[in-house]
Amino acid sequence: MKRLWGSFAILALIVAVASGCSGDPPPENAGKTAAELNVTTDKADLKARLEEMAESGVKGSGMAGMGESIERLRASDPALADELTTLLAQLEAANSESQVKSTARQMADKL
């Protein structure tokens with residue numbers, strides 16, 4: 001009897017785990033290419049980092065890789081990448097908390 005219940009428990013566990021593995025993309029990602037999904041992710045990540053800087057006025061580690069993130073956007077929106085690159089130079093040169101906040105806010109608003 002114990003062996004039957006043990007087998008049943010293992011089977012139930014396998015069914016529970018496997019049922020969450022459909023492999024279908026979420027509805028909001030259906031029909032999008034990997035490149036489109038990466039651009040969307042890059043924009044969201046970049047915007048989140050910029051919004052944090054706009055709130056705190058501190059550049060810190062949020063600056064790491066920002067230029068590369070902007071360059072990845074260039075393929076889908078060259079004009080936006082040009083604007084953000086110009087503003088990034090201003091952000092890198094910013095010396096005060098208010099300059100960081102203002103420039104980061106301008107950049108985030110463009111995304």
Side-chain angles (χ1 to χ4, degrees):
M1 188 69 160
K2 281 186 177 182
R3 185 174 232 186
L4 180 64
W5 281 109
S7 297
F8 178 74
I10 291 172
L11 179 62
L13 181 63
I14 290 171
V15 169
V17 170
S19 66
C21 302
S22 68
D24 293 333
E28 65 271 10
N29 293 341
K32 291 185 179 178
T33 66
E36 290 170 330
L37 293 173
N38 287 339
V39 167
T40 302
T41 302
D42 283 342
K43 277 185 175 180
D45 176 57
L46 190 56
K47 185 169 186 157
R49 289 190 287 160
L50 288 165
E51 286 175 340
E52 186 173 324
M53 279 186 236
E55 289 294 317
S56 69
V58 176
K59 293 187 270 188
S61 63
M63 293 293 293
M66 196 169 284
E68 291 83 1
S69 294
I70 292 170
E71 283 306 309
R72 285 192 295 272
L73 296 176
R74 188 169 301 284
S76 63
D77 194 340
L80 175 62
D82 287 343
E83 289 180 66
L84 292 174
T85 300
T86 300
L87 288 169
L88 178 60
Q90 293 174 18
L91 183 60
E92 290 171 336
N95 295 328
S96 70
E97 188 177 298
S98 63
Q99 288 175 324
V100 170
K101 286 182 175 185
S102 173
T103 307
R105 175 57 48 211
Q106 288 176 23
M107 292 176 76
D109 289 346
K110 292 190 178 295
L111 294 167

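Since this is a predicted model, take the numbers as computed values, not measurements. Along the sequence shown, residues are numbered consecutively beginning with 1.
- Taking CG of Leu88 as the reference point, atom CD of Glu92 lies at 4.0 Å (rounded to 0.5 Å).
- For the atom pair Asp82 CG and Ile70 CD1, the distance stands at 10.5 Å (nearest 0.5 Å).
- Residues Asp42 and Glu71 are not in side-chain contact: their nearest non-hydrogen atoms beyond the backbone lie 4.5 Å or more apart.
- The salt bridge (charged side-chain N to carboxylate O under 4.0 Å, His left out) check on Lys101 picks up Glu97, with sequence neighbours excluded.
- Within a 6.0 Å radius of NZ in Lys59, more than 12 heavy atoms belonging to other residues, nucleotides or ligands are found.
- For the atom pair CD (Glu83) and CD (Gln106), the distance works out to 10.5 Å, reported to the nearest 0.5 Å.
- Taken to the nearest 0.5 Å, the CG atom of Leu80 stands 9.0 Å off from the CE atom of Met107.
- Separation of atoms OG1 (Thr85) and CD (Gln90) is listed at 11.5 Å; rounding is to 0.5 Å.
- Side-chain contact between Met53 and Met63: present, with at least one pair of heavy atoms (C-beta onward) separated by less than 4.5 Å.
- In plain terms, the two heavy atoms of Ala54 and Ala104 that are nearest each other are N-CB, 3.7 Å.
- In this structure, Glu52 has no salt bridge (charged side-chain N to carboxylate O under 4.0 Å, His left out) partners at least two apart in sequence or on a different chain.
- Separating the CE atom in Met66 from the OG atom in Ser61 is a distance of 9.5 Å, to the nearest 0.5 Å.
- In this structure the side chain of Leu50 reaches within 4.5 angstrom of the side chain of Leu91, judged on heavy atoms.
- Within the 4.5 Å cutoff, the side chain of Leu111 has heavy atoms near those of the Leu84 side chain.
- Between the side chain of Ser102 and the main chain of Gln99, no donor-acceptor pair closer than 3.5 Å is present.
- Proximity of Val58 to Val100: side-chain heavy atoms (C-beta onward) are nowhere separated by under 4.5 Å.
- Distance alone, capped at 3.5 Å, places no donor-acceptor pair between the Glu55 side chain and the Glu51 backbone.
- A side-chain donor from one of Ser69 and Arg49 sits under 3.5 Å from a side-chain acceptor of the other.
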